[in-house]
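Notes for the one structure printed next.
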Amino acid sequence: MRKFLIAGNWKMNGGAEFTSDLLSAIKTRKAVISEDVDVLVCPTFVSLSMAIDQLHESDILVGAQNMHEAEKGAYTGEVSASMLVEAGCSYVLLGHSERRAYFHEDDALVREKLQTALSHDLAPIVCVGELLVQRKENRHFEVVKSQTLAAFSGLNEEQAVQVVVAYEPVWAIGTGETASPEQAQEMHAFIRTILSEQFGEAARAIRILYGGSMKPTNAHDLLSQPDVDGGLIGGASLDAESFVGIVETAEALSISAGKVDSQLSPEEE
Ligand code: 13P
């Protein structure tokens, strides 16, 4: 039912030469991508057009790491949804914890951006996740619930299914520390329950990615969880062998019927 999405968030790494070399290395290692897996790379704004040109005969999709919520105007240094679509992007990351922490993006802004993205048929990947202190205080469910509800508020079912959620516990980002497969599944199932309370059956179609130190050595255990529908990968996406290793793990785990979430037995699908 759900197709894996393996997405590389390159963050502020790599100019033209880096982009060209990394994409060539990915394509050399992985000329054909299974239909059961979507693969996405999110380079910096200045490398988007180049990446789109270089990938035009490939199945690899290109997305942006951020966008402005307004249609256009006097917003020096910003990039709009229509510009991203015109460049050839199909996805946009929104509300990454680094943007929330360093650029003061709050839930209301993330929601506004999400609605703008959807109105341009740009698929949003909205990031949610708790800080270490919040997990230690046992507030992680409460935090993720409020981020998720805020992002999806005001959407109808048709819009909601176009959104991808990325659960990225902040304590696992760039730290080498990963949520255990059980911790990831617990939170992903919780997010899906929240979404099913809002959108009913449609919630089964919403992909929930895990992000936070995913790498080839832990990808199998994370992606095997019933509600983990892919990965949003930082560090390991900057290395062709690691990124392709994760893509191949997802391919191997894919079954033609797709992912079945924890709330359903296979017979009910
Ligand atoms: P790392 O994979 O480097 O931990 O980064 C995760 C992330 O922030 C992806 O958006």
Side-chain angles (χ1 to χ4, degrees), residues 4-14 18-19 22 26 37-45 47-48 51 60-67 84 89-103 105 110 113-114 117 122-132 134-135 140 143-144 147-148 151 163-181 183-184 187-188 191 207-223 225 228-250:
F4 276 122
L5 170 60
I6 303 297
N9 174 9
W10 293 7
K11 308 191 179 182
M12 198 173 72
N13 294 293
F18 176 92
T19 301
L22 180 51
I26 292 172
V37 179
D38 285 332
V39 179
L40 172 73
V41 291
C42 302
T44 61
F45 284 134
S47 296
L48 284 176
I60 301 175
L61 303 164
V62 178
Q65 298 173 19
N66 181 34
M67 52 163 250
L84 297 179
C89 291
S90 36
Y91 286 84
V92 62
L93 305 182
L94 296 178
H96 191 280
S97 61
E98 288 150 15
R99 296 220 53 93
R100 292 180 193 254
Y102 307 139
F103 304 98
E105 295 197 3
V110 173
K113 289 186 178 202
L114 190 145
L122 195 53
I125 301 179
V126 62
C127 304
V128 298
E130 79 284 359
L131 305 170
L132 183 58
Q134 293 166 331
R135 182 165 275 266
H140 43 298
V143 169
V144 168
Q147 291 172 334
T148 306
V163 180
V164 176
V165 179
Y167 169 56
E168 299 207 313
V170 179
W171 47 272
I173 295 179
T175 58
E177 211 173 309
T178 319
S180 68
Q183 285 172 321
M187 186 59 88
H188 284 227
I191 294 169
R207 290 187 287 190
I208 307 174
L209 315 184
Y210 169 79
S213 300
M214 187 184 270
K215 40 189 181 275
T217 48
N218 59 28
H220 179 275
D221 289 351
L222 288 162
L223 295 173
Q225 300 302 312
V228 177
D229 307 317
L232 181 55
I233 300 130
S237 73
L238 299 172
D239 175 76
E241 198 177 328
S242 299
F243 188 60
V244 169
I246 298 171
V247 171
E248 288 178 341
T249 302

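Note that ligands are numbered from 1 as they come in the structure, with each ligand's atoms numbered from 1 the same way. Fair warning: this is a prediction, and the values are worked out from it, not measured in the lab.
- In this structure, atom 3 (O) of ligand 1 lies nearest to the protein heavy atom Gly235 N, 2.8 Å.
- Interface atoms of ligand 1 facing Ser213, defined by a heavy-atom separation under 4.0 Å, are 1 (P), 2 (O), 4 (O).
- At the shortest separation from atom 2 (O) of ligand 1 among protein heavy atoms lies Gly234 N, 2.9 Å.
- The Gly174 neighbourhood of ligand 1 comprises atoms 1 (P), 3 (O), 4 (O), with distances under 4.0 Å to a heavy atom of that residue.
- Side chains of His96 and Glu168: a donor-acceptor N/O pair is present below 3.5 angstrom, by distance only.
- Of the N or O atoms in Ala236, none lie within a sub-3.5 Å distance of an N or O in ligand 1.
- By the 3.5 Å distance cut-off applied to N or O atoms, Lys11 is counted among the residues near ligand 1.
- Minimum interatomic distance between Ala184 and Val228 (heavy atoms only, all atoms of both residues): CB-CG2, 4.4 Å.
- No side-chain heavy atom of Gln134 sits under 4.5 Å from any side-chain heavy atom of Val170.
- Here's the thing with Asn9: one of its N/O atoms is less than 3.5 angstrom from an N/O atom of ligand 1.
- Not a single donor-acceptor pair under 3.5 Å links the side chain of Arg99 to the backbone N or O of Val110.
- For ligand 1, the polar-atom distance check against Ile233 finds no nitrogen or oxygen pair separated by under 3.5 Å.
- No donor-acceptor pair closer than 3.5 Å links the side chain of Tyr91 to the backbone N or O of Leu93.
- Nearest non-hydrogen protein atom to atom 9 (C) of ligand 1 is Glu168 OE2, 2.9 Å.
- Between Trp10 and Gln65, the side chains place no donor N or O within less than 3.5 Å of an acceptor N or O (distance only, hydrogens not considered).
- The closest side-chain heavy-atom distance from Lys215 to Thr178 is below 4.5 Å.
- When side chains are defined from C-beta on, Leu40 counts as touching Ile125, because their heavy atoms get closer than 4.5 Å.
- Not a single N or O atom of Gly212, backbone or side chain, sits closer than 3.5 Å to an N or O atom of ligand 1.
- Residue contacts with ligand 1 include Ala172, since one of its heavy atoms falls under 4.0 Å from the ligand.
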